[in-house]
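Following: one structure in structure tokens, then a few remarks.
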Amino acid sequence: MLIKRPRGWEIPESQATPEGVWLDRRRLLKGMAAGSMLTGAAALAGCMEEAEADSGKQLAAAPAADPSAGLYPPKTNMKYRGDRPMTAEDLATTYNNFYEFGSHKNIWRASQVLPIRPWTVTFDGMVEEPRSVAIDDLLAAMGPLEQRVYRHRCVEAWSMTVPWAGFPMKRLIEYAKPLGSAKYVVMQTFQNPDIASGQKQYWYPWPYVEGLTIAEATNELAFMATGIYGKPMPAQNGAPIRLVTPWKYGFKCVKSIVRFSFSDQRPVSFWEKLQASEYGFWANVNPEVSHPRWSQATEQPLGQSDRIPTLLYNGYAEYVADLYKGMNNERLFM
Ligand SMILES: Nc1nc2c(c(=O)[nH]1)N[C@H]1C(S)=C(S)[C@@H](COP(=O)(O)O)O[C@H]1N2
Ligand SMILES: [Mo]
């Protein structure tokens with residue numbers, strides 16, 4: 001018999017894991033591990049098998065020795081609830097874009113080699129005083145983490161709805177102390193071609209860089225995510241810290257950030273350098289502005305059978321539309 005292995009977005013909605021289920025699984029796991037280190041490890045393996053059998057796919061594990069594990073799961077901020085069925089964890093953590101590890105969706109295994117500790121984040125450029133800080137010290141300085149369920153819309157027209165853990169980007173901007181004259185924050189992904197084989201592909205303008213205006217970065221929706229599904233961020237989703245701007249196309253959400261630089265010059269981002277006619281600085285979601293090669297009118301939620309209409313600013317207009325008032329000469333939507 002020929003068995004067709006469904007692609008990510010073809011898995012029926014009935015298999016999507018509702019929030020309660022994965023939370024319970026996590027609690028179970030925690031409880032078992034607390035019992036004894038030894039049986040904890042065995043239980044973990046057992047639980048993985050169970051999850052694998054559940055979904056017909058291997059569940060991506062959170063990094064084993066993550067010193068920040070105790071911060072998860074954080075409290076849910078009920079203001080941001082996604083308003084759509086939650087995407088199954090094993091889809092969101094095995095169907096990824098992370099070109100550093102390959103230009104296909106199945107990079108999650110390859111990305112496990114990313115060393116997420118020690119991890120240093122640098123703040124420089126137009127700041128009161130440049131500084132570098134270890135990720136766990138930064139997490140401590142950012143105060144309590146929170147969980148927010150956001151929709152995510154990739155420019156390729158697939159989408160997901162996932163629970164991120166992290167803190168408002170505004171808090172990080174305040175911590176960085178930019179000068180009043182800074183207009184942009186520029187974020188850069190790690191660079192290490194020995195680990196990330198995609199970075200040996202010289203035709204890409206490594207490192208991955210993205211930017212926001214300070215007004216965008218301090219908007220209440222802009223979020224620094226350090227975890228997902230109630231756990232520390234797995235490598236493939238951008239450990240240990242990545243940007244989430246849910247009103248913009250997904251490529252703005254730069255992963256595995258090592259540097260925040262402040263500038264009065266608009267940066268040219270990774271995709272814009274590669275193909276400026278298709279990918280711009282603003283990249284706000286708009287169903288009426290087509291990508292030069294495909295329509296943006298609808299999207300395919302991962303794990304669901306039917307496409308759904310795409311919304312202006314991905315449905316977040318009430319939060320962000322004012323940011324772009326009077327900018328009619330800008331290419332706001334690509
Ligand atoms: N460093 C880096 N960040 C990146 C990318 C990338 O290739 N490299 N891909 C972007 C794109 S196109 C999308 S849609 C999202 C995907 O995030 P996810 O894999 O967590 O769904 O990450 C964004 N951030
Ligand atoms: Mo994307």
Side-chain angles (χ1 to χ4, degrees), residues 8-9 60 62 82 86-112 114 116 119 149-166 186-193 195-199 201 203-212 223-229 231-260 267 269-275 278-280 283-285 291 293-294 296 299-303 310 314 334:
W9 57 88
M86 192 90 77
T87 302
E89 177 178 358
D90 67 342
L91 285 180
T93 57
T94 58
Y95 183 91
N96 301 97
N97 273 332
F98 203 165
Y99 277 64
E100 283 80 348
F101 295 100
S103 55
H104 51 83
K105 298 291 179 284
N106 192 27
I107 54 76
W108 72 269
R109 271 174 215 279
S111 71
Q112 300 310 307
L114 178 67
I116 55 164
W119 189 277
V149 181
Y150 276 166
R151 300 183 291 278
H152 174 100
R153 172 60 158 79
C154 175
V155 73
E156 299 162 333
W158 56 269
S159 65
M160 61 182 185
T161 302
V162 297
W164 301 107
V186 188
M187 291 149 277
Q188 186 188 311
T189 298
F190 76 89
Q191 184 157 25
N192 186 347
I195 289 162
S197 63
Q199 291 183 329
Q201 299 184 312
W203 55 92
Y204 289 112
W206 307 113
Y208 200 102
V209 163
E210 262 304 343
L212 296 172
F223 199 61
M224 299 311 311
T226 59
I228 190 169
Y229 294 96
K231 287 173 273 194
M233 195 72 80
Q236 62 270 30
N237 293 96
I241 185 166
R242 57 105 40 103
L243 175 67
V244 182
T245 44
W247 71 98
K248 292 177 177 285
Y249 289 117
F251 66 83
K252 293 296 290 186
C253 301
V254 47
K255 293 179 169 179
S256 305
I257 300 170
V258 294
R259 186 170 176 192
F260 295 84
S269 57
F270 179 84
W271 290 107
E272 193 178 2
K273 268 179 218 148
L274 205 61
Q275 193 61 273
E278 300 191 353
Y279 309 101
N284 297 310
V285 175
H291 183 276
R293 290 182 282 132
W294 58 84
Q296 296 291 24
E299 64 200 56
Q300 179 61 65
L302 296 183
T310 287
N314 201 22
M334 61 187 318

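Atoms within each ligand, like the ligands themselves, are counted from 1 in listed order. Hydrogens, waters and symmetry mates are skipped; everything else that's a heavy atom, side chains included, is used.
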(message) Looking at Glu89 and Lys231, is there a salt bridge between them, counting it only when a charged N and a carboxylate O are closer than 4.0 Å?
(response) yes
(request) Below 4.0 angstrom from a heavy atom of Thr189, which ligand 1 atoms are there? Numbered from 1 as shown, please. (result) 1 (N)
(request) Measure the CD-NZ distance between Glu156 and Lys105 for me, rounded to the nearest 0.5 Å. (result) 3.5 Å
(message) Tell me the nearest of Glu156, His152, Met160, Gln188 to atom 14 (S) of ligand 1, using heavy-atom distances.
(response) His152
(request) Name the option, out of Phe98, Tyr208, Trp158, that contains the heavy atom nearest to atom 4 (C) of ligand 1. (result) Tyr208
(message) Would Asn96 count as a polar contact of ligand 1, with the cut-off being nitrogen or oxygen pairs under 3.5 Å?
(response) yes
(request) Note the single closest protein heavy atom to atom 8 (N) of ligand 1, along with its residue, its atom name and the distance in Å. (result) Glu100 OE1, 2.8 Å
(request) Compare all side-chain heavy atoms of Met224 with those of Leu243 and state whether any distance is below 4.5 angstrom. (result) yes
(request) For atom 15 (C) of ligand 1, find the nearest protein heavy atom and state the residue, atom name and distance (0.1 Å precision). (result) Gly250 O, 3.6 Å
(request) Would you mind checking which non-hydrogen protein atom is closest to atom 19 (O) of ligand 1, with the distance to 0.1 Å? (result) Lys255 NZ, 2.6 Å
(request) Could you list the atoms of ligand 1 found under 4.0 angstrom from a heavy atom of Asn237? (result) 18 (P), 20 (O)
(request) Describe, in one word, how the ring planes of Phe270 and Tyr208 are oriented to each other, choosing from parallel (under 30°), tilted (30 to 60°) and perpendicular (over 60°). (result) parallel
(request) Can you pull out the closest protein heavy atom to atom 24 (N) of ligand 1? Residue, atom name and distance to 0.1 Å, please. (result) Cys253 O, 2.9 Å
(message) Counting only nitrogen or oxygen atoms and a 3.5 angstrom limit, does Arg242 reach ligand 1?
(response) yes
(request) Return a yes/no value for Phe251: is any of its N or O atoms, backbone included, closer than 3.5 angstrom to an N or O of ligand 1? (result) no
(message) Less than 4.5 Å apart, side chain to side chain, heavy atoms only: is that true for Trp271 and Val155?
(response) no
(request) May I ask you to list the atoms of ligand 1 that are less than 4.0 angstrom from any heavy atom of Cys154? (result) 14 (S)
(message) Is any side-chain heavy atom of Trp119 closer than 4.5 Å to one of Ser256?
(response) yes
(request) Could you say whether the N/O atoms of Tyr95 and ligand 1 ever approach to under 3.5 Å? (result) no
(request) Run through Lys252, Lys273, His291 and flag the one making a side chain to side chain donor-acceptor pair (under 3.5 Å) with Tyr279. (result) His291
(request) Report the part of Asn97 (side chain from C-beta onward, or backbone N, CA, C, O) that has a heavy atom under 4.0 Å from ligand 1; answer both or neither where that applies. (result) both
(message) To check your reading of the model: name the closest protein heavy atom to atom 7 (O) of ligand 1, its residue, and the distance in Å.
(response) Tyr99 N, 2.7 Å
(request) Enter the distance from Thr189:OG1 to Ile241:CD1 here, rounded to the nearest 0.5 Å. (result) 11.5 Å
(message) Nearest 0.5 angstrom please: His104 NE2 to Tyr99 OH, how far?
(response) 10.0 Å
(request) To the nearest 0.5 angstrom, please state how far the CE atom of Met187 sits from the OG atom of Ser269. (result) 10.0 Å
